[in-house]
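All remarks here apply to the structure that follows.
All values below were derived from every heavy atom in this structure, side-chain atoms included, with hydrogens, water molecules and symmetry-related copies excluded. Both counts, for ligands and for their atoms, begin at 1 and track the order of listing.
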Amino acid sequence: MNTMHRDEIAKCPNCGANINLKVGRYPGGINDSGGWVLKCNACASLFPLEVKNPDDASSVLSGATIIDSWDDEINNRAHTLAKHGVADTGQVVERMRLVTHGEPEGFYNLESRALYRCTACGSELDTKAYEALSEHLESINSAFATYLNWYLANSGGQAPEGISARIAIACTCGRAHETRFYRNFAESFAERAEDYWLIDIAPTAPVSEGDKTLDVDGIFSRDDCIAILEKLLLRWQASHSAVLLAAPFIGFNFPGAKKKVPDLWNWVLKYTNPEKTLLVTRKATFNLLKEVAKGTEIDVEFLKSWGLLNPTLATLDKKKAFFKTDFHAKFY
Ligand SMILES: [Zn+2]
Ligand SMILES: [Zn+2]
């Protein structure tokens, strides 16, 4: 039977520790109402938590142990609680449902400045690369399906980091190049070419000295610099095991510019992988975020209290974080 899962966080009513749950539901099927007697891993207290399908589709991921369960249809809640000496105080457990919504996010922006140019004629290649990927997406997906069958049967849950595809393209001038695309591993198929990031375009042999497709040297506007960095961050995170991002100034500390600060941080977090990125910044820069993000969707204290803080920010929030104070900014 088809099961849909939703992530939830519940707080232990005694000590406030976060308990991560996976709540399962059978769409169009029979869903049992009931609950668990949970034992908090942090304080060892027992408490009841109502949940759908406690005996099969739902589970506790971390933070507590399931001691027992009840089923509302059998009407054994009171009996189950009494068996474990748990008082039914009717206290409501604080919980948060995590819902994913909205359009799938785009990463590689084809509207902004291109990153790659033809070595022979200098034409931009990024859009051409994505056109080629769209054309070949079906055959890439079917090759991935073969792998996925093997993976589901044999991997034992050891997931690879990413999926990479190479496609040959020709520039309008005739010069041949090889493109490389990447996406993070998922047990699902890419529905759109944009699900992949373009991470390289290289000229194919014969290559002469000085041939280079990556077009990043020069003097650019602020917007172009951001477009270039965005694309390079994707390339680095796909092809390297660690990325060091030194960003001393994220937003400026003057009136009016402050409301842009959360957007800038969201941008940094979107284009960096927390497991690979070391962000070097100034304490004042991080404190500015904490101040202006209060009450917004990246309220640092709020996210931290639910264990949802992006690990990159969580690292900065620890005392031992890597801060440098002797940066100097020069903007002309
Ligand atoms: Zn507790
Ligand atoms: Zn060309």
What angle, to the nearest 10°, do the atoms SG (C43) and SG (C15) form about the Zn ion (ligand 1)?
-> 110°
If the Zn ion (ligand 1) is the vertex, what is the angle to SG of C40 and SG of C12, rounded to 10 degrees?
-> 110°
Should the pair K270 and W265 be classed as cation-pi, given the thresholds of under 6.0 Å to the six-membered ring centre and 45° from the axis?
-> no
Test: R183 cationic atom under 6.0 Å from F144 six-membered ring centre, within 45° of axis = yes
Starting from the C-alpha separation in whole Å, work towards a yes-or-no answer on ring pair (Phe, Tyr, Trp, His ring centres under 6.0 Å) for F107 and W197.
-> CA-CA 7 Å; F107 282 85; W197 309 335; 5.8 Å; yes
Could you please compute the angle at the Zn ion (ligand 2) from SG of C171 to SG of C121, rounded to 10°?
-> 100°
Can you give me the SG-the Zn ion (ligand 2)-SG angle for C118 and C173, to 10°?
-> 110°
Proximity of Y196 and Y108 rings by center, below 6.0 Å | no
